[in-house]
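None of these values were measured; they are calculated from a predicted model. In each ligand, atom 1 is the first atom listed, and ligand 1 is the first ligand listed.
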Amino acid sequence: MKLRLCHLYPELLNLYGDRGNVLILRRRAEWRGIEVEVTPISLGDKLDPKAYDLFFLGGGPDQEQGVASADLVAKGPWLKEAVEAGAALLAICGGYQLLGEYYRTSTGETLPGVGLFAVYTEAGNKRLKGNIAIQVEELGTDRPVIGFENHGGRTFLKGARPLGRVIYGDGNNGTDQTEGARYRNAIGTYLHGPLLSKNPHLADYLLRLALQRRYGEVELPPLDDTLELAVNEAVYRRFLPTKGKW
Ligand code: GLN
């Protein structure tokens, strides 16, 4: 088996260890004997919608998002074609915002988005930052997905399905308890971290979605995740608010 991963704008969109998610996906696949090919695709490159099983986009400051935005919109139809055909995708923060309909920055500039997710994002006055935990129903476990967020943009769902429900933290906009978005096998989220190091259940879920496209239902042999799961639990408990809003 071979997993073909496309890393979009690796030099532009890479905040708070986002790139680590690609390393984690690679390792977890290779430990199961699955070969992994990672292709960086950036400004001006063509994107073959049939060539990849999984796409990854990290986060970035407004300025880098501005550089990537027009190019990503141009690649939008290819990316949508891939997702409609079943490809998996993980987009973090700034990458997630650019896959929505638009992102209005704090200077009032509107960056057009791809429209893969039926969401839009507008900058607020205060950054939403801190540790966050969410519940993702599709994972079929009570174990939360944890990470940290740091974004000025507030994202509002315009019919999109959220990725999860906020347990603590701000999520999409700090008001409606939704976090991220989900469309077919594509996931957008505000969780940095790198997200997948502390959430091996989410990492394997994504790998299964990605492999499914070409290989059908795939059973991934379990790995020894004792340390990763201990970190998940310790971090979750450490930041669990005991009083106040929750
Ligand atoms: N620049 C965007 C914002 O502040 C995204 C930041 C990020 O990717 N962490 O909302």
Side-chain angles (χ1 to χ4, degrees), residues 7-24 40 42-43 55-73 75-76 79 89-134 145-158 160 162-164 166 168-182 186-199 202 235 239:
H7 190 171
L8 285 158
Y9 311 104
E11 74 294 2
L12 278 175
L13 301 178
N14 177 39
L15 273 182
Y16 317 123
D18 286 340
R19 190 191 296 265
N21 293 307
V22 173
L23 297 176
I24 291 156
S42 199
L43 301 175
F55 293 86
F56 177 76
L57 266 117
D62 288 9
Q63 202 178 336
E64 276 74 7
Q65 284 178 279
V67 176
S69 147
D71 190 84
L72 186 59
V73 168
K75 289 181 172 58
L79 205 52
L89 176 149
L90 175 64
I92 315 273
C93 199
Y96 163 42
Q97 294 171 342
L98 293 179
L99 292 182
E101 290 178 1
Y102 67 85
Y103 169 40
R104 185 161 316 133
T105 70
S106 55
T107 56
E109 193 189 351
T110 299
L111 303 179
V114 166
L116 176 72
F117 297 120
V119 307
Y120 65 92
T121 304
E122 295 180 351
N125 331 323
K126 208 171 99 336
R127 294 191 74 75
L128 303 178
K129 49 184 180 202
N131 292 283
I132 173 164
I134 65 171
V145 171
I146 57 164
F148 80 90
E149 56 186 331
N150 184 355
H151 49 112
R154 271 76 169 153
T155 297
F156 295 93
L157 306 176
K158 261 182 72 186
L163 168 65
V166 172
Y168 60 78
D170 285 303
N172 277 331
N173 49 57
T175 53
D176 67 11
Q177 307 279 290
T178 66
E179 205 296 307
R182 174 80 195 253
I187 288 174
T189 179
Y190 272 113
L191 275 62
H192 290 282
L195 168 68
L196 300 178
S197 60
K198 291 168 283 188
N199 299 292
L202 180 63
V235 174
F239 297 110

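- In this structure, the side chains of Asn150 and Tyr190 stay at 4.5 Å or more apart for every pair of heavy atoms.
- Listed by chain and residue number, nothing satisfies the salt bridge (charged side-chain N to carboxylate O under 4.0 Å, His left out) test with Asp62 (two or more places apart in sequence, or in another chain).
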Any protein N/O atoms within less than 3.5 Å of an N/O atom in ligand 1? List the atom names and distances, or say none.
from	atom 1	to	atom 2	distance (Å)
ligand 1	1 (N)	Gly60	O	3.2
ligand 1	1 (N)	Asp62	N	3.4
ligand 1	1 (N)	Asp62	OD1	2.5
ligand 1	1 (N)	Gln65	OE1	2.7
ligand 1	4 (O)	Arg127	NH1	3.3
ligand 1	4 (O)	Arg127	NH2	2.9
ligand 1	4 (O)	Gly152	N	2.9
ligand 1	8 (O)	Gly60	N	3.0
ligand 1	8 (O)	Gly60	O	3.4
ligand 1	8 (O)	Gly94	N	3.0
ligand 1	9 (N)	Asn150	O	3.0
ligand 1	9 (N)	His192	NE2	3.0
ligand 1	10 (O)	Gln97	NE2	2.9
ligand 1	10 (O)	Tyr103	OH	3.4
ligand 1	10 (O)	Gly152	N	3.0
ligand 1	10 (O)	Gly153	N	2.9

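- The side-chain contact (heavy atoms from CB on, under 4.5 Å) check on Tyr120 picks up Tyr102, Glu122, Phe156, Lys158, with sequence neighbours excluded.
- Two residues are said to be in side-chain contact when any heavy atoms from C-beta on lie closer than 4.5 Å; Leu57 and Leu72 meet this criterion.
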Distance-only donor-acceptor hits, side chain of residues 106-116, under 3.5 Å, sequence neighbours excluded:
from	atom 1	to	atom 2	distance (Å)
Thr107	OG1	Thr105	OG1	3.0
Thr110	OG1	Arg104	NE	3.3

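- Summarising the geometry of Leu157 relative to Gly180, their closest heavy-atom pair is CD2-O, 3.8 Å, with the distance given to 0.1 Å.
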